[in-house]
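Mind looking over this structure? Questions follow.
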Amino acid sequence: MRNREVAAILVKIADMMQIKGDNPYKIRAYRKAAESIFHLDEDIAILYGKGRVREVPGIGDAVAAKIGEILKTGSCEYYDRLSEEIPAGLLDMLAIPGLGHKRVKLIYDTLGITTLDELMQACQRGEIRNLPGLGVRIEDNIKKGIIEVKQRSNKTRLGTALPLAQGFLNYLLQSPAVIEAAITGSIRRGKEMVGDIDILLTGNDPAAVYDLVRVFPAVRQIDWVDSDLIRGELSPGIEFEIIIVAPSDFFHSLVWTTGSKEHRERLFAGVDRQDFKDLKSETEVYTRLGMDYIAPELRENQGEIEAASVGRLPELIDFSDIRGDLHVHSNWSDGVEQIRDMAAAARSLGYKYIAITDHSKSLNISGGLSAERLQAQGKVIDALNKEATDGFRILKGIEVDILKNGELDFPDSVLEELDIVIASVHSNFKLDADEQTERIIAVAKNEHVDMIGHLTGRLLSRRSGYEIDIDKIIETCARYNTALEINAHPDRLDINGDIARQAKEHGVKVAINSDAHRINQLKLMKYGVITARRGWLEADDVLNTLSSDDLLKALGKAP
DNA sequence: GCCGTTTTCGGCCCGACTGTTTTCAGTCG
C-alpha cells in the first residue's frame with residue numbers, strides 16, 4: 001500500500017470526525033499525520049516494519065497503531081466505525097466549493113441527502129435555499145460545483161500519473177519477457193492532466209506479459225486482455241493500457257501512440273505506416289517523413305510540423321540547464337525546513353543558488369513575515385553565505401502578497417533591499433476580470449517586482465484560476481521587464497505551456513520555480529521544465545538558467 | 001491526538017470574505 005493511500009484514509013477519518021463535530025485539535029492531528037505521510041520520502045510500510053513510524057512528525061501512539069492496522073488489513077476499526085455512521089457520499093460533497101463540514105452535516109441531517117445526485121435533485125427542487133443560513137446564491141453555486149466535481153473526476157494530474165507510470169514501466173522492464181517498453185500517450189507529451197497511463201511494449205510472449213501485469217502490486221483489476229492490448233486499473237483509481245506491438249513496429253508505434261491525435265494524423269496523412277518498420281529510433285521516423293525530430297511535448301499540431309519541416313524547431317530547455325530555484329519557502333513562514341537545509345538539498349541537486357522567498361505579513365495563515373522578521377532572515381542568509389566555500393549562493397527574496405487594491409504588502413523601501421521579489425495573489429480570487437487584471441498590472445509595473453508568481457492561481461482538479469486578461473498582463477510585463485513564473489508544483493503548473501509560449505513571443509522572460517515548502521518538493525522542478533518545453537521555451541527564455549551574477553544583472557541588481 | 005531549550009498538562013496559525021443575515025456562521029487560504 002502506498003503512502004498516499006494511507007494518508008487518504010487518515011484524511012477521511014478527519015473529514016468524518018469534522019462532520020460529526022469532533023474535537024478540532026484531534027481532527028487537526030489526523031490531518032497533520034496524513035500530510036506527513038503524504039510527503040514522506042520513505043515507504044511508510046517499510047518504516048513501520050522497522051518500528052520507526054513514531055519518528056514521523058505528527059504521528060503518536062494512537063495514529064501509529066491505526067497505521068499498523070491499515071497496512072495489515074487495508075482499513076482500521078476506527079475508520080470502519082466512522083464509515084457506518086457517516087455515508088461516503090458526504091465526503092464527496094466536501095469537494096464542492098462553499099460546502100464545508102457544517103453545511104454537509106446540515107444537509108444530511110435535515111434532508112437525508114447522501115449522494116451528489118440526490119444533492120443535485122434537491123437543488124433543482126429548490127430545497128437547499130430554504131435551509132437556515134443558505135440561500136439561492138449558495139444553491140446555485142452548489143449546482144455549478146457538482147457539475148465541476150463530476151467533470152474533473154475522470155482526469156488525473158501529471159504529478160500523480162507520471163510517477164505511477166514510471167514505477168509500472170520500471171517493473172515491466174525488469175522482466176526478460178519485455179524487449180522494449182516506454183511510457184506513451186498524453187503523459188509522454190507532459191499534459192498537466194491525463195486520462196490514463198499508456199505504456200507501449202514489445203515482447204515475444206504476450207502470455208508472459210499478461211502474467212507480469214497481473215501480479216504487479218498496484219494493479220487493482222484487469223478489464224481487457226488481447227494479444228496486443230491489456231487494459232485495467234491501478235489502485236489509486238487510474239486506468240492503464242499496455243499496448244503490445246512487434247519489435248519491428250516499436251518506434252513508429254511510439255510516435256503514433258504518443259499523439260496527439262491531431263499531430264499523428266497530419267504526420268501520417270497519405271503514408272502507409274507499414275513502410276516504417278525496423279527503424280532504430282523515433283528520429284528515423286521523422287527523418288523518413290522529411291523533417292527534424294519533434295520532442296513529445298511539442299506534438300500538439302500547433303505549428304511544430306511546419307517548423308520541423310524547415311529546420312526551425314526550438315532547442316528546448318532541458319532540466320540540466322537549470323542552475324537554481326527562485327521560489328523556495330523555509331520555516332520562517334509556512335515551509336517545513338530551515339534555510340540551511342533547503343540550501344543543502346538544492347546544492348545536492350547540482351544547483352548554484354536558491355532564493356528564499358517566504359510569504360509576506362498579510363498571509364497570516366502561512367506565517368507571513370513582517371518587515372522586521374524579513375530583515376532578521378536576511379542576516380541569517382548573510383551568515384550562511386559567508387560560511388559557503390563552494391560559491392553556492394542563497395538569494396534574499398520574498399513572495400510578497402498583492403493586496404486587493406493592487407498595492408503590495410511591503411513598501412518599495414523594503415523590496416529594494418532584496419535580490420528576488422515575486423508578487424503573488426493569495427486573496428480576493430473572485431474579483432471581476434477588469435479589477436483582477438488591473439491589480440496584477442499595477443504590481444507588474446513596480447520596478448522592484450521581478451516576477452509574478454502563479455499567475456492564474458488555478459489548482460488543478462480543485463479550483464479554476466481567477467478571471468484575468470492574459471494579453472494585457474503579458475503586454476505590461478514585456479514593457480516593464482517583469483517575468484512570469486512557471487510554478488512547477490503539479491497542482492499548479494501555472495503559467496501553462498500556452499501562456500508560456502505567448503510570453504516568449506512577447507519577449508517576456510520566464511522563471512521555472514518549484515515553490516518548495518519542504519526539501520523533497522525541490523525535485524518538482526521537472527514538471528515545470530516539462531511545462532516550459534510545452535511552451536516551446538529554450539534555455540535563453542528562462543531566468544534560472546543564468547548564473548547568479550548574470551541573473552542579478554538581468555534583474556537590474558548589483559551582483 | 002500530538003507535543004515539549006515552556007517537558008507529562010495545557011496549548012494547539014487566524015483573519016478576510018461570502019452570503020446570509022441585521023449581527024454572524026461557515027468557508028477558505
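What you see is a predicted model, and the numbers here were worked out from it, not measured in a lab. Convention: sequence-line order gives letters A, B, ...; per-chain numbering from 1.
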Checklist entry - Taking for each residue the nucleotide of DNA chain B bearing the nearest heavy atom, is the 5' side occupied by A/Glu139 or by A/Ser366? => result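 Between the two, 5'-proximity favours A/Ser366.
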Checklist entry - What's the NZ-C1' distance between A/Lys26 and B/dG11, to the nearest Å? => result 17 Å
Next on the checklist: Can you tell me which nucleotide in B/dG1, B/dG19, B/dC3 comes closest to the side chain of A/Ala29?
Outcome noted: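 Given the options B/dG1, B/dG19, B/dC3, the side chain of A/Ala29 is closest to B/dG1.
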Next on the checklist: Using the side-chain contact (heavy atoms from CB on, under 4.5 Å) criterion, which residues pair with A/Arg31? Sequence neighbours excluded.
Outcome noted: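 With sequence neighbours excluded, A/Arg31 shows a side-chain contact (heavy atoms from CB on, under 4.5 Å) to A/Val11, A/Ala14, A/Asp15, A/Gln18, A/Ile27, A/His101, given in chain and number order.
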Item to check | All side-chain contact (heavy atoms from CB on, under 4.5 Å) counterparts of A/Lys155, not counting sequence neighbours | outcome: A/Met193
Next on the checklist: In this structure, how many angstroms lie between the P atom of B/dC3 and the CD1 atom of A/Ile59, rounded?
Outcome noted: 9 Å
Next on the checklist: Please classify the nucleic acid contact of A/Val136 as base, sugar-phosphate, or nothing, using heavy-atom distances under 4.0 Å.
Outcome noted: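 Since only primed, P, OP1 and OP2 atoms lie under 4.0 Å of A/Val136, the category is sugar-phosphate.
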Protein N or O to nucleotides 27-29 of chain B N or O, pairs below 3.5 Å:
residue : atom : partner  : partner atom : Å
B/dT27  : OP1  : A/Gly100 : N            : 2.5
B/dT27  : OP1  : A/Gly100 : O            : 3.1
B/dT27  : OP1  : A/Arg103 : N            : 3.0
B/dT27  : OP2  : A/Lys102 : N            : 3.2
B/dT27  : O5'  : A/Gly100 : N            : 3.4
B/dC28  : OP1  : A/Gly98  : N            : 2.7
B/dG29  : OP1  : A/Arg463 : NH1          : 2.8

Checklist entry - Which is true for A/Lys66 with a 4.0 Å heavy-atom rule: it touches a base, it touches only sugar-phosphate, or it touches nothing? => result sugar-phosphate
Item to check | Residues, nucleotides or ligands: over 12 heavy atoms within 6.0 Å of A/Arg340 CZ | outcome: no
Checklist entry - A/Leu131 CG to B/dG19 P: how many Å, rounded? => result 17 Å
Next on the checklist: Distance check, P atoms only: B/dC9 and B/dA16, in whole angstrom units.
Outcome noted: 37 Å
Checklist entry - Mind checking whether A/Leu460 and A/Glu192 have side chains closer than 4.5 Å, heavy atoms only? => result yes
Next on the checklist: Nearest whole Å is fine: how far is B/dT21 P from A/Asn130 CG?
Outcome noted: 10 Å
Item to check | 5' priority, DNA chain B, between A/Gly367 and A/Asn23 [closest heavy atom] | outcome: A/Asn23
Checklist outcome for this item: Per salt bridge (Lys or Arg N to Asp or Glu O under 4.0 Å), A/Glu139 is matched among A/Lys144, A/Arg103, A/Arg129 by A/Arg129
Next on the checklist: OP1 or OP2 of B/dG1 versus the side-chain N and O atoms of A/Tyr25: is any pair under 4.0 Å?
Outcome noted: no
Next on the checklist: Let's test this: given Watson-Crick or G-U wobble pairing with both distances under 3.5 Å, identify the partner of B/dG29.
Outcome noted: B/dC14
Checklist entry - Within this structure, what is the CE-to-C1' distance between A/Met93 and B/dG26, rounded to whole angstrom? => result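 Taking atom C1' of B/dG26 as the reference, CE of A/Met93 is at 17 Å.
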Checklist entry - Under 4.0 angstrom, heavy atoms only, what part of the nucleic acid is A/Leu134 near: base, sugar-phosphate, or nothing? => result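 Sugar-phosphate: the residue A/Leu134, judged by heavy atoms under 4.0 Å, touches backbone atoms but no base.
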Item to check | Whole-angstrom distance between B/dC17 and B/dC13, as gauged at atom P | outcome: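 Those two atoms are separated by 23 Å.
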Checklist entry - What integer distance in Å separates A/His359:NE2 from B/dG15:C1'? => result 15 Å
Checklist entry - Could you walk me through whether A/Asp515 and A/His329 pass the side-chain hydrogen bond (donor to acceptor under 3.5 Å, both in side chains) check? => result CA-CA 7 Å; A/Asp515 196 1; A/His329 293 271; 3.0 Å; yes
Checklist entry - A/Asn428: what forms a side-chain contact (heavy atoms from CB on, under 4.5 Å) with it, not counting sequence neighbours? => result A/Lys404, A/Leu431, A/Arg439
Checklist entry - What distance, rounded to whole Å, do you find between the two C1' atoms, one in B/dT18 and one in B/dG11? => result 31 Å
Next on the checklist: If the condition is side-chain contact (heavy atoms from CB on, under 4.5 Å), which residues does A/Ile147 pass it with, not counting sequence neighbours?
Outcome noted: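 Result, side-chain contact (heavy atoms from CB on, under 4.5 Å) vs A/Ile147: A/Met120, A/Gln151.
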Checklist outcome for this item: To the nearest angstrom, the NZ-P distance between A/Lys105 and B/dG26 comes to 12 Å
Checklist entry - Which whole-number value in Å describes the distance from A/Lys404 NZ to B/dT18 C1'? => result 11 Å
Checklist entry - Base, sugar-phosphate alone, or nothing: which one does A/Asp61 contact when heavy atoms must sit under 4.0 Å apart? => result sugar-phosphate
Item to check | B/dC17 OP1/OP2 closer than 4.0 Å to side-chain N/O of A/Asn428 | outcome: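 For A/Asn428, the contact criterion (side-chain N or O under 4.0 Å from OP1 or OP2 of B/dC17) is met.
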Item to check | Those residues that, when tested against A/Tyr353, pass side chain to side chain donor-acceptor pair (under 3.5 Å) (two or more places apart) | outcome: none
Next on the checklist: What's the gap between B/dT20 and B/dA25 when it is taken at their C1' atoms, as a whole Å value?
Outcome noted: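 So the two C1' atoms sit 9 Å from each other.
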Item to check | Closest to the A/Arg28 side chain, choosing from B/dC13, B/dG19, B/dC2 | outcome: B/dC13
Checklist entry - Taking atom C1' in both B/dG1 and B/dT8, what distance in whole Å separates the two? => result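 The answer is 14 Å between these two C1' atoms.
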Checklist entry - If you measure from the C1' atom in B/dT21 to the same atom in B/dG26, how many Å do you get, rounded? => result 13 Å
Next on the checklist: Between B/dT23 and B/dC12, how far apart are the two P atoms, rounded to whole Å?
Outcome noted: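 Between the two P atoms, the distance is 31 Å.
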